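Beneath this line is the structure, given in structure tokens, with notes to follow.
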Amino acid sequence: MGLCEAIVQAAVKRADGRRVHGARVRVGGHPVDPEVIDQGFRLAAAGTVVEGAELDLVLEPLSVRCRGCGTEAPASDATALTACSRCGAVDIEVTGRDDVVLESITVDAPGQDRYPDKDPERQQGDQREDDRPLGGRS
């Protein structure tokens with residue numbers, strides 16, 4: 001839930017009072033369940049300008065390369081982070097990003113009501129705020 005609250009807080013800050021219609025979040029390394037993140041995001045967004053926004057979650061799992069046999073594979077669970085899935089060797093290298101980034105948000109255009117209703121026709125004036133880091137590692 002803390003991850004979801006941080007995503008919503010970052011989106012609220014960047015929205016500057018404008019309604020958020022969508023958020024694209026890249027999660028690197030963390031084994032997360034997209035349905036759990038989506039539900040947590042909706043709960044954290046309740047009562048904020050992010051309420052009702054669509055979440056576009058991009059997952060980038062860590063990868064593991066065995067120095068012994070050369071096997072490379074995504075790290076699908078904790079065991080894969082400790083030993084090679086092919087030969088069992090523990091001389092492995094873990095690669096990939098281990099962070100969470102709020103890549104973009106879609107917000108109302110400047111000048112639109114700062115507290116709009118939830119009318120879907122209001123979305124035609126949306127603007128996008130791109131590639132802003134969520135800040136810090138999680």
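Everything numeric in this text was worked out from a predicted model, so none of it was measured. Values below: all heavy atoms of this structure, side chains included; hydrogens, waters and symmetry mates excluded.
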Using residues 77-84 as the side-chain source, report each donor-acceptor pair under 3.5 Å to any protein atom, sequence neighbours left out, with the distance given to one decimal.
unit_1, atom_1, unit_2, atom_2, d
Asp77, OD1, Thr79, N, 3.1
Asp77, OD1, Ala80, N, 2.9
Thr82, OG1, Thr79, O, 2.8

Any idea which heavy atoms bring Leu102 and Ala23 closest together, and the distance? CD1-CB, 4.1 Å
side-chain contact (heavy atoms from CB on, under 4.5 Å) for Leu57 and Val27? Distances and angles first, verdict last. CA-CA 7 Å; Leu57 193 60; Val27 180; 3.6 Å; yes
Tell me whether Val8 shares a hydrophobic cluster with Val32, the cluster being built from Ile, Leu, Val, Met, Phe, Trp, Tyr side chains joined at under 4.5 Å. yes
Any side-chain heavy-atom pair of Arg26 and Glu60 under 4.5 Å: yes
If only atom types and distance count, is the side chain of Arg18 paired as donor or acceptor with the main-chain N or O of Ala15 below 3.5 Å? yes
Side-chain donor-acceptor pairs under 3.5 Å in residues 34-41, sequence neighbours left out?
unit_1, atom_1, unit_2, atom_2, d
Asp38, OD1, Arg42, NH2, 3.4
Asp38, OD2, Arg42, NE, 3.4

Residues Val107 and His21: closest non-hydrogen pair is C-CD2, 4.0 Å
From Ile105 atom CD1 to Asp56 atom CG, the distance as rounded to the nearest 0.5 Å: 13.5 Å
Hydrophobic cluster mates of Val58, side-chain heavy atoms under 4.5 angstrom, ILVMFWY only, any path? none
Looking at residues at least two apart in the chain, or sitting in another chain, which of them share a side chain to side chain donor-acceptor pair (under 3.5 Å) with Gln9? none
What residues, two or more places apart in sequence or in another chain, satisfy side-chain contact (heavy atoms from CB on, under 4.5 Å) together with Ala89? Cys66, Cys87
Val90: hydrophobic cluster co-members (side-chain, 4.5 Å): none
So how far is it from Leu55 CG to Cys4 SG, rounded to the nearest 0.5 Å? 8.0 Å
Hey, could you give me each pair passing salt bridge (charged side-chain N to carboxylate O under 4.0 Å, His left out) that has a residue in residues 61-73? Not counting sequence neighbours. Arg65-Glu93, Arg67-Asp91
Shared hydrophobic cluster for Leu62 and Leu3 (ILVMFWY, side-chain gaps under 4.5 Å): no
